[in-house]
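Order of the sequence lines sets the chain letters (A, B, ...), proteins ahead of strands, with each chain counted from 1.
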Amino acid sequence: MSEALNLDAAFSALADPTRRAILARLAKGEATVTELAKPFEMTQPAISQHLKVLENAGIVARRVDSTRRPRRLAKAGIEAMDQWLAMLRKALEKNYDRLDDVLAGIEPPKIKKEEKNDEQVDSED
Amino acid sequence: MSKLTLKTEGNTHVVVTRRFAAPPETVYRAHTDPKLIQKWLLGPEGWTMPVCINEARPGGKIRYEWTDGKGHGFHLSGEYLELEPYSRIVHVERMHLPDPTPDNHVETRFDADGTGTLMTMRMTLPDAQTRAAMLATGMEHGMEASYVRLEGMI
């Protein structure tokens with residue numbers, strides 16, 4: 001894949017509110033630095049600096065359109081982050097699937113004060 | 001069972017939720033009894049937790065040591081701050097990889113949900129950068145395996 005991806009850099013890039021706002025804007029479609037700078041009280045060089053971080057992380061790409069350099073989301077980078085989070089979820093889920101089994105093997109503790117031990121009807125949701 | 005959710009909140013939080021079929025008392029026990037923890041808090045297949053210290057009282061120590069049985073391993077250390085049986089646990093933890101990661105402040109709630117439990121784990125990292133690093137390197141141990149798989153995919 002041509003678009004370089006660095007997960008560490010990608011997640012670090014997200015750790016900044018301005019950069020997240022830029023991504024949110026780019027999610028609606030491509031935009032130039034001028035257009036991106038408008039909603040922020042920041043100079044264009046400052047926005048360019050943020051864009052550089054996002055580009056180096058592989059989650060924003062630029063297109064050459066004569067004199068314009070519109071930026072867009074880099075699909076591969078965004079998808080890779082998605083995959084990573086999905087995998088993190090999966091690993092956690094594995095632990096909790098095991099915990100389900102552990103819980104199934106434990107007698108429910110008796111509640112002393114009202115001796116509430118009546119079997120509750122399993123209402124499957 | 002409903003699926004696990006994992007999401008970021010604000011700049012420094014990560015929130016995980018999961019439902020369990022057992023009542024809060026039981027789920028709480030499974031989070032504080034070393035014998036039970038060793039059965040499930042293991043990460044990928046093949047990993048075990050030969051050392052599990054869990055002193056479930058305010059100020060009590062936490063130490064989990066994992067190994068893949070092939071010479072790889074690492075550990076987590078932490079301290080309990082607050083415990084409200086059987087509804088809430090607050091603790092701090094850090095991974096040693098081998099250098100300690102910044103403290104992760106974790107509040108875990110166990111709320112009755114019908115005949116089961118809704119667990120909500122809210123992690124607070126010192127800053128956005130640390131949270132990003134945690135998500136990038138994998139907050140759970142043994143993520144290396146997943147990472148290798150991911151690299152294979154890209």
Side-chain angles (χ1 to χ4, degrees), chain A residues 1-20 53 57-58 76-112 116-125, chain B residues 1-8 10-12 14 16 18-23 25-31 33 36-45 86 113-117 119 121 127-143 145-147 149-151 153-154:
Chain A
M1 221 158 272
S2 61
E3 285 162 33
L5 178 78
N6 177 337
L7 274 177
D8 285 354
F11 281 105
S12 297
L14 286 190
D16 178 275
T18 304
R19 291 199 285 271
R20 285 198 300 272
V53 174
I78 300 291
E79 280 173 0
M81 292 183 82
D82 262 0
Q83 279 178 350
W84 172 253
L85 285 176
M87 225 161 303
L88 209 53
R89 261 195 296 271
K90 220 184 261 176
L92 276 173
E93 188 61 71
K94 189 165 228 166
N95 277 347
Y96 290 129
D97 286 347
R98 268 190 294 253
L99 176 53
D100 283 337
D101 294 341
V102 170
L103 294 172
I106 300 175
E107 283 290 304
K110 294 186 175 67
I111 295 163
K112 272 184 205 157
K116 197 174 133 205
N117 202 19
D118 46 326
E119 297 271 314
Q120 295 203 352
V121 182
D122 220 24
S123 55
E124 191 60 34
D125 43 352
Chain B
M1 268 312 99
S2 74
K3 275 215 207 114
L4 171 133
T5 69
L6 168 72
K7 56 185 181 188
T8 57
N11 277 331
T12 58
V14 176
V16 173
R18 174 70 150 79
R19 284 192 156 70
F20 297 100
E25 292 85 343
T26 311
V27 183
Y28 180 96
R29 245 183 84 200
H31 277 79
D33 179 340
L36 295 175
I37 292 168
Q38 279 174 307
K39 290 182 182 173
W40 67 271
L41 193 57
L42 302 173
E45 294 298 337
Y86 299 96
D113 180 38
T115 54
T117 301
M119 184 201 74
M121 191 163 58
D127 50 52
Q129 210 65 31
T130 305
R131 185 184 69 180
M134 184 182 79
L135 287 172
T137 54
M139 70 179 77
E140 275 295 296
H141 62 86
M143 285 290 92
S146 302
Y147 212 166
R149 277 200 298 275
L150 179 66
E151 281 170 344
M153 275 195 239
I154 296 167

Identify the two heavy atoms, one from Leu42(B) and one from Asn95(A), that lie closest to each other, and give their separation to 0.1 Å. N-OD1, 3.1 Å
Sorted by chain and number, sequence neighbours left out, salt bridge (charged side-chain N to carboxylate O under 4.0 Å, His left out) with Asp127(B) holds for none
For Asp33(B), all residues meeting side chain to side chain donor-acceptor pair (under 3.5 Å), sequence neighbours excluded: none
Closest non-hydrogen atoms of Trp40(B) and Arg98(A), given as atom of the first, atom of the second and distance, are O-NE, 3.2 Å
When rounded to the nearest 0.5 angstrom, what is the spacing between CZ in Arg18(B) and CG in Asp97(A)? 5.5 Å
Counting only heavy atoms not in Tyr86(B) (residues, nucleotides, ligands), do more than 12 fall under 6.0 Å from its OH? no
Mind running side-chain contact (heavy atoms from CB on, under 4.5 Å) on Ile106(A) and Leu36(B) for me, showing each step along the way? CA-CA 10 Å; Ile106(A) 300 175; Leu36(B) 295 175; 3.6 Å; yes
Decide yes or no for Asn11(B) and Arg20(A): does some side-chain heavy atom of the first lie under 4.5 Å from some side-chain heavy atom of the second? yes
Below 4.5 Å, heavy atoms only, C-beta onward: do Thr8(B) and Leu14(A) meet side chain to side chain? no
If you define the side chain from C-beta out and look only at heavy atoms, does anything of His31(B) sit under 4.5 Å from Leu99(A)? yes
